[in-house]
Asks: 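Here's a structure for you.
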Amino acid sequence: MVIKVFLASSSGSTAIKKKQQDVVGFLEALKVDYTPLDIACNEDNRMWMRQNVPEDKKPANGIPLPPQIFNEESYCGDYDTFFDAKEGNLVYTFLGLPPPPGSKEAEQADKDNIVENGTHAEENLDDTIVPVEDRNGDSNKEVKQATDENEEGEGDEEEQEGAAKEETAETVGDEAPTEKEEEEEAAVEETDEVTEDTVIAP
């Protein structure tokens, strides 16, 4: 990309000469490559500049005055817009060039990126670590809840079985004696009586 600066080498206006020197001197201080194009000695340069300055940037008489700055075919601006960009440390943006590392404009661009994104990319790494429980969302909570319910259900079943066994044991102990048991008890009593009679007899 070539920066073109349209100048008037033989301008009789002191103000125009001063503005041209200001632009050229600042570009040289920044070590920005540019091509000076004289409109006073070259009619083609004069016509090209007048045709390519946007209508809304032209003065009331329709004839733009130097210095006028272009990046290749793209119009950058005149001295006033250049001065505003210089005051705001935005000359590279004004010229359509990437700011070199370490420049004030590059530092400002980094700050703007941090403001837009919130934090540096490195700082976001810790925030991306999500606990395992949170990765599966509600589904993991549902599975855990179902497992807890199953364990509680099994515990209730065991308690019910234990209670049933105790009731069965109590019922068996309280049951009335069967006919067979009564006959056996009666036979035992008769045997005891016979034994007593036998012992008593002379």
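In what follows, residues are counted from 1 in the order of the sequence shown.
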Asks: Does R50 offer a backbone N or O that forms a donor-acceptor pair with the side chain of K58 under 3.5 Å?
Replies: yes

Asks: Measure the acute angle between the ring planes of F6 and W48, then classify it against the limits of 30° and 60° as parallel, tilted or perpendicular.
Replies: parallel

Asks: Taking only distance into account, with no hydrogens and no angle test, what donor-acceptor pairs under 3.5 Å do side-chain atoms of residues 70-77 form with protein atoms, sequence neighbours excluded?
Replies:
residue, atom, partner, partner atom, Å
N71, ND2, L95, O, 2.7
E72, OE2, V2, N, 3.0
Y75, OH, Q68, OE1, 2.7
Y75, OH, D78, N, 3.4

Asks: Are Y34 and M49 connected into the same hydrophobic cluster when the rule is that any two of I, L, V, M, F, W, Y join if their side-chain heavy atoms are below 4.5 Å apart?
Replies: no

Asks: Kindly work out whether a path of hydrophobic side-chain contacts (I/L/V/M/F/W/Y, heavy atoms less than 4.5 Å apart) joins I3 to V91.
Replies: yes

Asks: If only atom types and distance count, is the side chain of Q20 paired as donor or acceptor with the main-chain N or O of A8 below 3.5 Å?
Replies: yes

Asks: Just verifying a value: how many Å separate N45 CG and N42 CG, rounded to the nearest 0.5 Å?
Replies: 3.5 Å

Asks: Are the side chains of P64 and K57 in contact, using a 4.5 Å heavy-atom criterion?
Replies: no

Asks: With S9, which residues qualify under side-chain hydrogen bond (donor to acceptor under 3.5 Å, both in side chains), at least two apart?
Replies: D38

Asks: Looking only at heavy atoms, what is the nearest atom pair of I63 and N61, with distance?
Replies: N-OD1, 3.0 Å

Asks: Just verifying a value: how many Å separate K86 NZ and L30 CG, rounded to the nearest 0.5 Å?
Replies: 10.0 Å

Asks: Hydrophobic clustering (ILVMFWY, side-chain heavy atoms < 4.5 Å, transitive) - are F82 and V5 grouped together?
Replies: yes

Asks: Calculate, to the nearest 0.5 Å, the distance between atoms NZ and CZ belonging to K19 and F83 respectively.
Replies: 11.0 Å

Asks: Do any N or O atoms from the side chain of E105 and from the backbone of Y92 form a donor-acceptor pair under 3.5 angstrom?
Replies: yes

Asks: Of the non-hydrogen atoms in P67 and V23, which two are nearest, and what is the gap between them?
Replies: CG-CG2, 4.0 Å

Asks: Look up atom CD in Q21 and atom CG in L7, then write down how far apart they are to the nearest 0.5 Å.
Replies: 10.0 Å

Asks: If I take atom CG from residue L27 and atom CG from residue D22, how far apart are they, to the nearest 0.5 angstrom?
Replies: 9.5 Å

Asks: In the single-linkage hydrophobic clustering (I, L, V, M, F, W, Y; side-chain heavy atoms under 4.5 Å), do F26 and V24 co-cluster?
Replies: yes

